[in-house]
Every structure is written in structure tokens, then in C-alpha cells.
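Comments concern the structure below.
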Amino acid sequence: MVAEKGEIYDEFEEHIVPPSWEERIWRIKDYKEFHDSTVKDKEAIERWWGGWAEKLSWFKNWEKVLDDSNPPFYRWFVGGETNLSYLCLDWQIEQGRKNKLAFIWEGEPFDDTIGRPKELKKCTYYDLYRRVNRIAYALREKLGVKKGEILTFYLPMIPELPQYMLATQRIGASHSIVYSGFSSLALAERIIAVGSRIVVTADELYRRGKIVPLKEIVDDAIEICEKRGHRVERAIVVKRTDRSIPWNSRDIWHHELLRRITENVRVEPERMGSEDMSFILYTSGTTSMPKGVQHSVGGYAVGLYTTMKLIFDLTDDDVYWCAADVGWITGHSYIVYGPLMTGTTALMYEGAPDYPRPDRLWHMVERFGVSILYTSPTAIRSLMKFPLENLKRHDLSTLRIVHTVGEPINPEAFRWYFKNLGREDVVASSTWWMTETGHIMTGHFPGLGKIFPLKPGTNGYPIPGVKLEVLDESGNPCKPGVRGYLVLATPWPGMLMTLYKDPEGYAVPWSKFGKSVFYTGDYAVKDKDGYIWVLGRADDVLKIAGHRIGSAEIESSLVLNPAVAEAACVGRPDEVKGEVPYIFTTLKQGFKPGPDLGAELKAHLRKTIGPIAASDATILFTDRLPKTRSGKIMRRLLKAVVTGASLGDITTLEDERAVEEAQKAYEHLREVMANEKR
Ligand code: WTA
């Protein structure tokens, strides 16, 4: 599976040497040498991460930075005690940030007559502290939430979402957040998986000018849970719009829940062990059921604090904006816990970056004087398509750092934003990491500029204390420029602790190259300078607009439809979204392929998984799928069909006609699409 260096890597040769950035954090002559010194052995790793941990506040100090005696079950900051809500609130107030803005929140609805958002809320650290305490009190005293209990949140990007997150942390409970682009069935499966007794949601949400009935989706999900034998006792509903919604006896308004609880109520933050569970976040893997990635308290906090300082170089004057959704790991780590833990003023935006006009994002950067922007390649590529005038009419001179995350950034998009957003003198990079890593692993951060020139499209160098390798199938390091598998060769503090109730599943990525090497599932190359270039997933996981979804999840959803016999899903490169799903299906007898059935199957996907799987999906019909003689579907060949790549080795293919048919189905579809365009 290891390919030689190809044309795409010609980009390696192109360097942008940034102008003289101040070495704010680093005055290190030779980063590579320094980096090596932080990963060379266990003591070095402990020294590096232990040093950062000392900067945080602990109720009880750890006895050991790292216990690596039983890989892949690592233990970080053993014996230490702290609390994420304490670090994000009380500790900030102790450091004099009581009146500093924690969040600036902007709602999506926009008033065109005055050219301003209809809703804007500003909240200091002290305001947030008071709100979180009240919610924590209500959860514990009114609803009996106990340490270790997991609540499910299905919420839009509204201020109450971080408040509920922090409130659960405060009382030692956990959350499992389900992105609001998942359907009722997907939500129900995730509620059942963690056994939530309480779900927190909103009546409705705004998205690109439309209203989505969130509570109705939750009602459906709770009904599904009940049919499957799981009872949700309470749905807490935050009021976001003014319209009436269906109501059940189990429902309680958020504002009613808080009624009669004094504004001054205080809840002592629970003393959490470093290794206690902070939250679960379901993410897609190669099986049909997503995996519940379980994060810790102490190690997660240290990893986040370090990367906030290192990659984003925060100062007390910064206005920081991570334009992701809290429903994904980027939002957990870099909208909520990371920024608050470092006393940052963070912007939180409810809606779409191009609503009501394509300059919304730039307008917001200007209005708030944003200095640090963390966004996605998909957002950049979609905004690049509009006339440059949209951007030029705004003053973006406050920006000093612009990073992206979630998917590879093509050099063209990188160059575009570096030039147009960043005047060619911002610090910019594509930071690579995953739900499982909890925090950023690579990046081109301030101070590195003089030592490491930027290369458009790269992920830069690993951060200190993190060792990334690119290995071939047999586990040997690949030569520079040769594609292989990206692995983490050392443990890191924010690492997942386990998969919820699935320790065997947890061990899987630790088995391909040995128990102490974490296989990420990504293809990458390391170039001759040691820069990492992540090329995309090596397994059957798709990244649609940066959203992670598994081929197996899509397939197992489709085969539940009475018309579908078999389904095979592959990703096809897309100019804006990075990748979109192409799904080959074979039908059961009596069903006819055609646009109607195609539309029905997309509706089915929307119902079973949600818009995130359905919106960009293309359904293809074929008579048979390419399989090995043992009956395994060869997705690799279907991928070759939709990308026009060569088929490679087909000796294990059972029936060559299957590939020809897939090719025909694909060509037919292209013709139909071309005709539609005409
Ligand atoms: C991909 C998102 C290239 C990668 C934080 C990884 C990236 C998966 C980058 C994890 C990047 C993330 N360049 N690819 N800068 N960042 N990826 O769990 O394939 O939603 O394995 O976490 O996103 O996705 P996840």
C-alpha cells in the first residue's frame, strides 16, 4: 500500500519564508534538536509535560507524570486531582480575570437595516462562573445528577452549551455531545450507548436562515430509546426561538429549572482524579457503530493548556475565534475548555459563515478585532469562491494567527488565505490532530518561522513532547517523501483513556504496529526536513467538510432500507468539501433503479444518520459489487472508479464484471449530471 513520491509532492519544494516573526514563546536556536530532546526517552517526556502541568492549578499534586508500565493503557499525572470547571472559572478569577470577557456570543439572525447581528451577548468570567454554579446546583440538587453520570447534549451553538458542559464537570458528571446534524435515530443510539437519563436540548435552532426543530428530533429519539428499553427521564429545553413546540411531562425548560435557585449559589468543584472521565465523544471508525472516545481530566487539561499557549500564543489582549461547532472535538477542546483554561476572550458564533452574505466571517473579524482565527479548509474553500471584494472591504489587520484543522488543506487554499487574510505575515498552519488525541499534535507555531519556513499544504512539525512517525506496512520508517501510515510513537497527555465500555475496541489502533504505537488511520509523508504531510484517511473513514463519518455506518444504514441488498460507500474528492460520499448499491428483486429511488435512499440516510451523511451523498445503482473470493467488498476498486485512478492489483477480485458495471454506473451518472448542468 505504500506509494512512491508522486507529482502532488512537488509542493514540497515551494517554501514561503515568513517575515521576521517575533519569537514570542520560543527562543530556541534549533527546534529539531530541542524537539528530539523532549521525546528521546520517558524521562524527557515526563520532564516536558510535567513542566507544563506545573503551570496549572491542582487540588492535589500528581505523584507520577506518566506510568507506561501497561501499554496501551497509559496513566498520566497519577494521583493528581483537579477539575475542569475549576480550571476554567475559579482559577481564572483567582488570577485576576473576574471582569475579563470569557465569551462574546453572536447569534445568526442579522439585521440588514443596521448591518448588525440581532443578538450579541457578552459574558465575563464572573458571569459565567455564576451561571455555571446555578446550573450545577440545579443538576445536582433538583435532578439528582451524581458524579460519573453521563448527560447527553443535543444543542446548537448557544451560550448554554458551554455552561452545561462546565456545570457537569463541576459536579464530577460527564457529557456526551451529539452534533445537531445527526438524526433522531443516531441520537437515540448514542443516548442508549451511554445510558443517559437526562438530555439537554433547545426548542429550535437557526441555521443559514432556516429553523430546525431540534426538540422534535429529541422527542423522536426518546421514543426510539423507549422502544429499545431505555428510559430518558428528563429533557431540559433551552428556549432559543419564540414559537411553541410539542411538550411532554418529562420536559423542563432550562429557565424553569433555574427558577428559585439564588443567583449567588455556590457549588464546590468536585475533586476529580487525573484519570477520571471528563467526557465521552462518539466518533466514526471503520465499524458500523461509532466509538465512544473517553477523555480524562488531568492529562486532557495539560495537553490543552500547552497547545493553547504554544500554537495560539495567547496573550491577555487577544480575541480568539475557533469557528468550529462544539459538537465535534475541535469545539470541545478549542472553543470551550482550552480557551477558558487559558483565560482567553473567545468568540462563539451560532450560524453559517456565509449567512446572510459571504462576508459574515470577515465582518465579524473586523467588528471584534479578532487576532487569532482557527477555522477549516472547507470554510476557506467555500469563501474563496466569492469575489475578493467581500473580504477586501473589511479591515482584517488585527489577525496575527490563522490556523486550520479537520482535513488536509490544499496549497491553493493555503496560499489564498495566507495572502488575502493574512497579508503574508500571519502565523499560519494546518494543525493535525484527532478526537482520540484530544489536542493539537502538529503545527507551525509562532517563533518557529525563522527556523522552519512555511510550506503550503503541510502540517508542519510535531509539537515538543509528541513523536509522529510515518511507517510502512511492516512497521519500518518510510524514506522522506514516501507515503506510509501515520502513527504516534509516544504517549501524550490528552490521549483517550479508553473507548466507553469497549476496552477491546480501544486496543485496536494499538495493535497494528505494537502495543505502544498508536495507528491514526491516516496516510502521510514526512519530507526531508521532517515536516508531516497528512494526505487523508487510509481506512474507510470519510471526512466530509471535515466531519468524520465511516463508510460502514453509511452502508449499514442503507441496507436497512427494504430496497437495498448491498451498499458500498467511498469518498470522492470534492473541490470545496474535501470529500463527498459516493454509494454504490445493489437492489433487492422487484426494485427499480432510478432518480426516485435515489432520492428515497438519500431521505433514508437523512433519517437514519442525518444531514451530515445525506446532504452531499450520491447514490449509484449497479448489479453487483466487486468482491474478493471470500466475499469481502473491495471498496478500493470503487474508489479507483470514482477517482479515475488505476485499479492496481485485482488478482483477488472474484468477478471482473463487477468493476465494469460500477464503471458504467459511474459514467452514466456523470452523463446525467452533465446533462442536468446543460
Ligand atoms: C483529519 C478533528 C489533514 C485526519 C480534529 C484525522 C487532518 C481526522 C487535519 C480526525 C489536518 C484533522 N490535515 N488532515 N490539519 N486535521 N485531519 O476526529 O484524517 O474529527 O485522522 O478530529 O481528521 O478527525 P476528527
Side-chain angles (χ1 to χ4, degrees), residues 8 11 177-179 181-182 279-286 290-295 303-304 307 311 322-335 337-338 374-381 402-411 413-414 417 428-445 454-463 468 470 483 485-488 492 494-496 499 509 518-526 531-551 553 571 573 577-579 612:
I8 50 166
E11 292 294 343
I177 305 186
V178 181
Y179 174 61
F182 281 108
F279 63 83
I280 308 280
L281 181 58
Y282 276 85
T283 188
S284 297
T286 51
K291 358 184 234 178
V293 171
Q294 182 174 326
H295 278 290
L304 276 189
T307 48
I311 305 282
C322 169
D325 192 293
V326 175
W328 304 99
I329 190 70
T330 305
H332 282 61
S333 295
Y334 293 105
I335 295 180
Y337 294 121
Y374 196 27
T375 184
S376 70
T378 292
I380 300 275
R381 286 190 297 258
V402 184
H403 290 314
T404 63
V405 61
E407 45 179 327
I409 185 149
N410 46 317
F414 180 89
Y417 92 67
S429 84
S430 167
T431 62
W432 175 90
W433 59 294
M434 319 172 62
T435 305
E436 291 86 338
T437 70
H439 54 78
I440 295 171
M441 294 278 139
T442 68
H444 199 104
F445 46 88
L454 282 177
K455 305 184 195 185
T458 182
N459 297 104
Y461 216 79
I463 61 168
L468 285 166
V470 177
R483 184 180 84 167
Y485 301 108
L486 184 69
V487 302
L488 282 147
W492 65 99
M495 62 197 300
L496 69 168
L499 296 184
F518 181 84
Y519 169 48
T520 63
D522 279 330
Y523 275 135
V525 287
K526 207 183 233 192
Y531 289 51
I532 302 287
W533 299 67
V534 175
L535 305 173
R537 299 291 304 189
D539 55 5
D540 292 309
V541 170
L542 274 61
K543 275 286 179 149
I544 310 166
H547 297 164
R548 182 167 161 182
I549 187 117
S551 290
E553 252 170 291
K577 307 252 164 134
E579 192 171 41
I612 89 147

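Only this structure's heavy atoms are used, side chains among them; waters, hydrogens and symmetry mates stay out. Counting convention: from 1, in listed order, for ligands and their atoms alike. Note that the numbering runs from 1 along the sequence shown for the chain.
Summarising the local packing, NZ of K543 is surrounded by more than 12 heavy atoms from other residues, nucleotides or ligands at distances under 6.0 Å.
Those atoms of ligand 1 that come under 4.0 Å of a heavy atom in V534, given as number and element, are 3 (C), 14 (N). Numbered from 1 in the order shown, with element, the atoms of ligand 1 that lie under 4.0 Å from a heavy atom of T330 read 5 (C). Residue D522 has at least one heavy-atom neighbour below 4.0 Å for each of these atoms of ligand 1: 4 (C), 6 (C), 19 (O), 21 (O). Of all atoms in ligand 1, numbered sequentially from 1 with element shown, those under 4.0 Å from a heavy atom of I329 are 5 (C), 22 (O). For ligand 1 and T435, the ligand atoms under 4.0 Å from any heavy atom of the residue are 18 (O), 20 (O), 22 (O), 25 (P). Atom numbering of ligand 1 starts at 1 in the shown order; those under 4.0 Å from a heavy atom of R548 are 10 (C), 18 (O), 20 (O), 24 (O), 25 (P). Residue R537 approaches ligand 1 through these ligand atoms, each under 4.0 Å from one of its heavy atoms: 6 (C), 19 (O), 21 (O).
Between the H403 side chain and the S429 main chain, a donor and an acceptor come within less than 3.5 Å of each other. Y417 contributes a side-chain N or O that, together with a main-chain N or O of V402, makes up a donor-acceptor pair within less than 3.5 Å. Listed for the H439 side chain is a donor-acceptor partner under 3.5 Å among the backbone atoms of G494.
Contact annotation: for N459 versus ligand 1, heavy atoms closer than 4.0 Å belong to the side chain alone. Contact annotation: for I409 versus ligand 1, there are no heavy atoms closer than 4.0 Å.
Where the criterion is an N or O separation shorter than 3.5 Å, residue side chain and backbone included, T283 fails it with respect to ligand 1. Residue S430 has at least one nitrogen or oxygen atom sitting less than 3.5 Å from a nitrogen or oxygen atom of ligand 1, judged on distance alone. Not a single N or O atom of T520, backbone or side chain, sits closer than 3.5 Å to an N or O atom of ligand 1.
In this comparison of W328, W433, Y334, the heavy atom closest to atom 5 (C) of ligand 1 sits on W433. The option with the heavy atom closest to atom 16 (N) of ligand 1, from among G438, G406, G457, is G406. Proximity annotation for atom 20 (O) of ligand 1: of H403, H547, K543, K543 comes nearest, heavy atoms only.
Between the side chains of Y374 and T330, no donor-acceptor pair of N or O atoms lies under 3.5 Å.
In this structure, H547 and T378 have side chains that are not in contact, with every pair of non-hydrogen atoms separated by 4.5 Å or more. Using a 4.5 Å heavy-atom threshold, the side chains of Y282 and F182 count as separate.
Separating the OG1 atom in T458 from the CD1 atom in I409 is a distance of 11.5 Å, to the nearest 0.5 Å.
Checked against W432 for a side-chain hydrogen bond (donor to acceptor under 3.5 Å, both in side chains), the options N459, T442, T437, D522 give a single hit: D522.
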